[in-house]
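Being a predicted model, the structure only gives us computed values, none of them experimental. So you know, we letter chains A, B, ... as the sequences are listed, proteins then strands, and number each from 1.
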Amino acid sequence: MENPSLKYITNPNFGTPPENQNELLQSLGKPHTSSFNYMVNKGLDEAIKDLNSVEFTLNERRIKFSISNYSFQKPEVSQEMVLVKNKTIYPTFCRQSANTYKGRFFVEVDWFIDDVQQQSFTKDLGEIPVMVKSELCNLHNLKPKELVEHGEHEQESGGYFIIKGNEKLVRMLLITRRNYPIAIRRPGWKQRGVLFSDSGISIRCVQTDQTATTNVLHFVTDGSAKLMFSYQKTLYYAPLCLILKCLCNYSDQYICQKLIQSCDDDTYYVDCVQNMLRSVHVSGLHTSEDCKNYLGRMFRVKFYECPEWYTDAEIADFILKKCVLIHLNDNEDKFNMLVFMTQKLFSFSQDKCKVEGTDAVMMQEILLGGHLYLQVVKEKLYSWLNVLKINCLKLAKATNFNLSQTEVLKAAKNSGGIEHALANFLATGNINSISGLGLMQDKGLAIVAENINKMRYMSHFRAVHRGAFFQEIRTTEARQLLPDAWGFICPVHTPDGAPCGLLNHLALNCIITDVPDDDKVKNIPLILTELGMKPLKYADTIDLNASYSVQLDGRIVGYISNGDVARIVQKLRLFKIKGKMVPETLEIAWVPRKKSICQYPGVYLFTGPARMMRPLMNLYANKVELVGTLEQVYMDVCITPEEAYEKVTTHMELNKCSFLSNLAQLIPMPDCNQSPRNMYQCQMGKQTMGTPCHTWDLQSETKLYRLQTPGSPLFRPVHYDNILLDDFAMGTNAIVAVISYTGYDMEDAMIINKASEERGLAHGSIYKSEFVQLDHPDSYFERDQFSKEISYLSKFIDADGLPYIGRKLKDEEPLYSYFDADKQFYIVKRFKSKEECYVHNVKLCADFGHKNPKKTVCFTYRVPRNPSVGDKFASRAGQKGICSQKWPAEDLPFTETGLVPDIVFNPHGFPSRMTIAMMIEIMAGKSAALHGLVHDATPFRFTEEDTAIDYFGRLLEKGGYNYYGTETMYSGIDGREMSVQIFFGVVYYQRLRHMVSDKWQVRSTGPVNILTRQPLKGRKRGGGVRFGEMERDALISHGASFLLQDRLFHCSDETTAFVCTSCGTILGPITTVTRFADKPQHCETKETCRLCNDDQHISRIQIPYIFKFFVTQLASCNINIKIGCRQF
Amino acid sequence: MTMESPLAEQKPRIVLQEYKLAQTAPIAKDHFTVKSFKKSFKIVIIRNEQNEMEFDMIGIHPFLVNAFRRLILSDVPTMSIEKVYISNNTSVIQDEVLAHRLGLVPLKADPRLFDYKEDASAESNENDSLEFELKIKCTYNKEANKKDSSRAEDMYKNNNVYSRHIKWLPVGNQKERFKESEVGPIDDNILLAKMRPGHELDLKLVAVKGCGRDHAKFSPVATVFYRLLPDVKLTRPVEGEAALRLQSCFSPGVIGIRHEKDGKRVAYVDNARYDTCSRNAFRHDDIKDAVVATKIPDHFVFTIESVGALRPDVIFTEAITILKNKCAALLEELESTG
């Protein structure tokens, strides 16, 4: 769509589901669902193949358990539920009844006794969460019309899980790019061992089932290198040459030659290599066999998974397979990669190449929900196998255990499942993993996809977080917006404060790659060889000093000579654009060799999933090409054709605003605002009351905000139409006068016209839901027919024990009634809320698993929330304000045409904020209303020569208004014409969800803390607002001593105490009570001092209770407080 | 030519300058006397239609004109639905939202024939309230062929609830006092709710007399406003292209173009009454000195746009009555306190 229009909303078919879903909206859930689909189709198979088997000895026989197969079913009602007509479960059922959307997971277990296979068995591991709209979801591939039939929105994009009724999303995390050795300098590395330097080459290896581990090749200052690998969160270091010798049985001479090839002019390096090789021999390890045995022997204790009958060499192989460069299967490849890393390390340590660092987007990729979920499943499966082993060992302790099939099945029966662990992972976002899954955090991995309005909901799906770890560190490096983020990470859409720069959002066109087609990936080396790359085995035949090494997903595939590289890269790029032979998502990063110090050169090809890519126009092929983050750094991209330099510029942006995120593209004319205002608007857009959903009756969300009278903005960017935001409107076109009027509009306050409010301006309501579950399965909802209060109760509660729909509820009114099976009588529960509300609906909730579940009911209430003084409003330019008065219409100023403003905005809001876009909107909105148009607010469409103000000014002039958007106004109070012209127009105003009704807090007296007797804090508890030190200082400086005493003493913890004036203690006086036998209701009290045994010097004083408490505490450690007393 | 000349012979004027207002002579701070007011005050009715009225008030202070405006907005009463008793509402529109919508429906009923309800909670009676009912049910349209059309209007009956579905229920002697045509919603086609088969509304509505001060729905007018009568004078002849440009700077009809015999086009002031005073002429350096736009400070063009319950002229006389009563009450108060 070129320009925004009202076509969509004025279409007579508005509201009928379209034939197909909107692609842009589908792209929101895409990375999530495609990663989950990968798991279902491929990942789980690979993970199970890679899963270690559990081996142990029992009764002197070697037992081995391994998982050979699995099945993961679509969400269905369990087979035991016989009376269910349709067993399919749809997400809306789970959302409404606070259930989890899950499918049953079975595994097939193979087991062996002394390597003889036994009959394998199938085990049900419980139901595990299924991602909505993934291939396992019952909504998969449904058309909009069918989606609506199943209680979803027509544009539902999925990508989340439903856990206990909440929509949970696995957070996308920015993590280090896989399979690329990065040059890093980290001061902390010096502490890793003796003589360790801060330089190293780090590589995050990811194998095909997405299992990840990091290896670092450290530079040690004695001129050697040590390889770090980790196992179960513990880090280990081994000398480089030891690992190299373990990997391949090559002669020292060959290894040395490999290491120094292409660097033979660097004598320091050659020396180092020789020394390293020598030092292996010094340790008495001469052959590859020696090295392996040594490695295995040293690490045997730490790798206790390996059964004790493994030889040292076998353990060494296990280490090399599971911990060292795990993305490569072949030891030869691992050897070559380590050689490459060594060369890069020595080049880097001698400052011959630049540091790369992990904070730049070019070195990052994204952790996807499906991939993480797969890792969690893999690990839980392994723990389950271990539980099976423990169960077997337990059973074996019993008598006559002879490892029969039935006995193993019995062990399996009690081994539990993985249902709880996975639901727990998504519900809390925490993983408790042994290996750590190669992540830097184990908390906050899942978030709730809050649906306050469509904008907030959408932004959750495009949010990427840098990781909880960076939130704590002081340095701002990780928060900086670096130039390579252009087009991938939105520069505008990041919050203020603690998560600033860490919680980012993907730019609109940025995609996350999926797993590529295997065949196409296999083609790449062949095509390269055809184009002129020398494969690895012919490496000796070419001059490596004048060639680039070619890496494909972290595997060295060959070398290209300097002269050929440009041509080959260009050819390969054309193959990529075609997408027939090689994947379209191939990233071709050619880091050229330069005279100056630069990034370590090479040709790096990436095909893997989870990378960020974005479409650009390839000017040579004149076709759209996907470009990756590392790739983009070495390309020349222009924005408009005029900017292109011939023979230099290779690519062009598809769209001027493609660097903005989904939300930032909804800001009207952000190019005319001061930049922080755009950031504020991105935050405020997410707090707007709007239309979060259309399925109001199918919701059980704790809180939903609804704007009753939304409108479509008259001034909007094209993106608004592209994502069909008219379906979820969230604002009102208000007539705004920019005038300082009444004095109630100071400091960003704004005045709302009372008549407009009464006619429906920004009316809204809140939908609140709560679940009630009866404790006993046999309890049931019913009103007691034989109750004495039946006539009273039936006013509130229907015969089924539940409230009438539509009833207005007040505090302490009966809400529901049930028969308690435990206590055997009826109980009436009352409604508790300070706010009056209406019963919207009442839902009895089912349980898909149990035959006799506890009765659960969900009450949904509707709280009317029409604007009131103290509610928050904002325009779309980061201009927020509080409504300070609802001003009567007759007192407001009016124009020559009889218009009265809906909202009075104080002109002081403009100079410091410089939100020119809002001023343009005032003019544009007015001219749009005048001519019956919708104006385009897409940024970068106007220029300095052709300004927006002139365009809209001329439109206004055409309509008979002043060119500058001003109008003559008359005071509504004294009736005279105002001597200045007033800037007057139409602005799309949003109502924010912060409302006084949720926030007001007032207290004269109320609950106190039991220990200190000071007022409690917190609105919910009826507590007070803290009168703190700074407030105290203010009163002291004003000399307002009585006020001070009132606040801090009388209204706080004033108490009466007795003091003995002779010994000066308040602990001394004790009260004795004397009762008289003849007058039982009378008694006499008398104070005496315990210390002086005297009652002559007792006085009554008023002190803060906390002082008494303090004195008592001091007394407990033998400190007495004496109070000097004087009589006045 | 100087500024004074076109204006000299007249009363004081407010002159619209490029960025501010100026006055030709200070407005005399003469005390308001009934005698002089009676002598100078004039009303000229320009237009008096069913729902709209425009008239000039000449020789009057802004405070008085404004008082009428304010009284019409906030004090002239009408009847509006105040209470909605919901027996059944299965449509998607929420009870309280529907009730609010119904309240805003303008009603045909002469408020002068009703009393204010003394106490909101008191029983309503024939003299202070009107009762209506809205009973409607949406069903499938059995006559329609399904293949014919997928439009909701053809497929269902009563899928849209309009204000015409509101039925008046006469109370007491109301049946004798009013004709059926005198009571009910003014506009028949106000959309109140949308329904689908199975949805049903069963409501009883009670309308009472009230004023705009309490709620905007009681206000008898859509808007009421006034403006000062503008006047445009040309200080020198404007010809050719500049004349057309001048014409475009004002509202249509303000500037006319006269074709001279020699083929020249010359601008002249035709009728400045409907000028919007946009000051756009000041944007053109070559013609801004040719125009003097002024306003007459005691000549008010007063417009009433009635919602329809009362004719605009009636609304105005009602406002006068209210003002009179208020004055009388004030005098009484003053006298009684001595």
- Message: What's the separation between atom CZ in B:Phe225 and atom CE in A:Met969, rounded to the nearest 0.5 Å?
- Response: 12.0 Å
- Message: Just so I know, are the side chains of B:Asn66 and A:Asp974 near enough to count as touching, which here means a heavy-atom distance under 4.5 Å?
- Response: no
- Most heavy-atom pairs under 4.5 angstrom with chain B, which of A:His840, A:Arg759, A:Arg976? A:Arg759
- Which of residues 890-898 of chain A have a heavy atom under 4.5 Å from any heavy atom of chain B? A:Glu890, A:Asp891, A:Leu892, A:Phe894, A:Thr895, A:Glu896, A:Thr897, A:Gly898
- Of B:Leu104, B:Asn280, B:Asp95, B:Leu73, the largest count of non-hydrogen pairs under 4.5 angstrom with chain A goes to B:Asn280
- Message: Does any backbone or side-chain atom of B:Asn89 lie under 4.5 Å from a heavy atom of chain A? Answer side chain, backbone, both or neither.
- Response: neither
- Query: Quick one: which residues of residues 691-698 of chain A reach chain B at under 4.5 angstrom, heavy atoms only?
  - Reply: none
- Query: Within the distance-only criterion (no hydrogens, no angle test), does the side chain of B:Thr276 pair as donor or acceptor with the backbone N or O of A:Gly960 below 3.5 angstrom?
  - Reply: yes
- Locate the shortest heavy-atom distance separating A:Gly975 from B:Pro62; write the atom from each residue and the value. O-CB, 3.7 Å
- Please identify each residue that fulfils salt bridge (charged side-chain N to carboxylate O under 4.0 Å, His left out) with A:Glu836, with sequence neighbours left out. A:Lys808
- Note on the structure: B:Ser278 and A:Tyr961 have their tightest heavy-atom pair at CB-C, 3.7 Å
- Got a second to check how far A:Glu957's CD is from B:Cys249's SG, nearest 0.5 Å? 6.0 Å
- Message: At a 4.5 Å cut-off on heavy atoms, which part of B:Val97 comes close to chain A: side chain, backbone, both, or neither?
- Response: side chain
- Query: Is it the side chain or the backbone of B:Asp75 that comes within 4.5 Å of chain A heavy atoms, both, or neither?
  - Reply: neither
- A:Tyr804 atom OH, over 12 foreign heavy atoms within 6.0 Å: yes
- Do the non-hydrogen side-chain atoms of A:Asn866 and B:His100 ever get within less than 4.5 Å of each other? no
- Item | chain B interface, residue from A:Ile805, A:Val900, A:Ile973, A:Thr966 that has the most non-hydrogen pairs under 4.5 Å | A:Ile973
- Message: I'd like to know if B:Lys217 pairs up with A:Glu758 as an ion pair, taking the criterion as any Lys NZ or Arg NE/NH1/NH2 lying under 4.0 Å from an Asp or Glu carboxylate oxygen.
- Response: no
- Query: B:Asp214 and A:Lys754: which non-hydrogen atoms are nearest, and at how many Å?
  - Reply: O-NZ, 3.9 Å
- Task: For B:Glu96, enumerate each residue passing the salt bridge (charged side-chain N to carboxylate O under 4.0 Å, His left out) test, keeping only those at least two apart in sequence or located in another chain.
- Result: A:Arg862
- Message: Taking atom NZ as the centre, does A:Lys768 end up with more than 12 heavy-atom neighbours from other residues, nucleotides or ligands that are less than 6.0 angstrom away?
- Response: yes
- Under 4.5 Å from any heavy atom of chain A - which part of B:Arg70: both
- Note on the structure: So, the part of B:Tyr226 with a heavy atom under 4.5 Å from chain A: the answer is both
- Here the gap from B:Arg101 atom CZ to A:Gln708 atom CD, rounded to the nearest 0.5 Å, amounts to 10.5 Å
- Rounded to the nearest 0.5 Å, how far apart are CZ of B:Arg227 and OH of A:Tyr970? 7.5 Å
- Message: Does any backbone or side-chain atom of A:Ser979 lie under 4.5 Å from a heavy atom of chain B? Answer side chain, backbone, both or neither.
- Response: both
- Query: Hey, which of A:Gly760, A:Gly972, A:Gly806, A:Pro888 has the most heavy atom pairs under 4.5 Å with chain B?
  - Reply: A:Gly972
